[in-house]
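Below, each value reflects all heavy atoms present in this structure, side chains not excepted, and no hydrogens, waters or symmetry copies. Residues take their numbers from the sequence shown, with the count starting at 1.
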Amino acid sequence: NSPLPGSELTKEPFRWDQRLFALVLRLPGTSLVEPEQVGSVSSDDSAITQMCEVTGGRSYCVRTQRMVNQCLESLVQKVQSGVVINFEKTGPDPSPVGEDGVDSARSTPTSFISQPWHSCRKLIYVRPNPKTGVPVGHWPVPESFWPDQNSPTLPPRTSHPAVKFS
């Protein structure tokens, strides 16, 4: 029950255009003699990581000054105008049609095997207003229903829409 305008429109405590990124500082009190890791910075295993992932952001476990700089460079690249959408594949793929127009899969049934891309969360670009830099519009994905004109309020929705495809 947030006092912020529009908070009654979503089930989660964040809006579709908000993403959380966290730099969790795990800097040691003494200098390290071990060689630094080169490459990507791992996610932190704290409670904030879940909230970051839900919003479409991520957490960074920072152990050195060099990692701080690396994370800041990564964040600059990730800050974009967009909406996080949950994509979910439903059902098996359609069977291929042979050259003669006959369904070639009727003789060989295929089972539905779930792949990692069948359920994923992706950021979709939303064009910002060139003058203000704010995304154009209020809700980038149309509702799956027509609102009841007799209802005094809109029903709350998930902050990140789910798009199901087959």
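Under the 4.5 Å side-chain heavy-atom criterion for grouping Ile, Leu, Val, Met, Phe, Trp and Tyr, Phe21 is not connected to Val54 through any hydrophobic cluster. Hydrophobic clustering places Met67 together with Leu75 (ILVMFWY residues linked when any side-chain heavy atoms are closer than 4.5 Å, directly or through intermediates). By the rule that hydrophobic residues join a cluster once side-chain heavy atoms approach within less than 4.5 Å of another member, Val163 and Val83 end up as members of one cluster.
Taking the six-membered ring where the residue is Trp, His160 and Phe14 present tilted rings, their angle falling between 30° and 60°.
Closest of all the heavy-atom pairs between Ser46 and Asp44 is OG-OD2, 2.6 Å. The two residues Ser59 and Cys52 make their nearest non-hydrogen contact at N-CB, 4.0 Å. For the pair Cys61 and Arg26, the tightest heavy-atom approach, listed with the atom from each and the gap, is SG-CG, 3.9 Å. For Thr55 against Leu20, the heavy-atom pair with the smallest separation is OG1-N, 2.9 Å. Contact between Arg58 and Lys78 at its shortest, heavy atoms only, is CD-CE, 4.2 Å. In terms of heavy atoms, Gln65 sits closest to Leu27 at N-CD2, 4.5 Å.
Using a distance-only test at 3.5 Å, with no hydrogens or angles considered, a donor-acceptor pair links the side chain of Arg121 to the main chain of Glu53.
In this structure, Tyr60 and Ser74 have side chains that are in contact, with non-hydrogen atoms separated by less than 4.5 Å. Thr158 places none of its side-chain heavy atoms less than 4.5 Å from the side chain of Asn86. The shortest side-chain heavy-atom distance between Gln18 and Ser159 does not fall under the 4.5 Å cut-off. Between Phe165 and Glu88, the closest side-chain pair of non-hydrogen atoms is not below 4.5 Å. Side-chain contact between Leu9 and Arg157 is present, with heavy atoms from C-beta onward closer than 4.5 Å.
Atom OG of Ser166 and atom NZ of Lys89 lie 6.5 Å apart (nearest 0.5 Å).
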- Task: Check the pair Leu23 / Leu72 against side-chain contact (heavy atoms from CB on, under 4.5 Å), numbers first and verdict last.
- Result: CA-CA 9 Å; Leu23 296 178; Leu72 292 175; 3.9 Å; yes
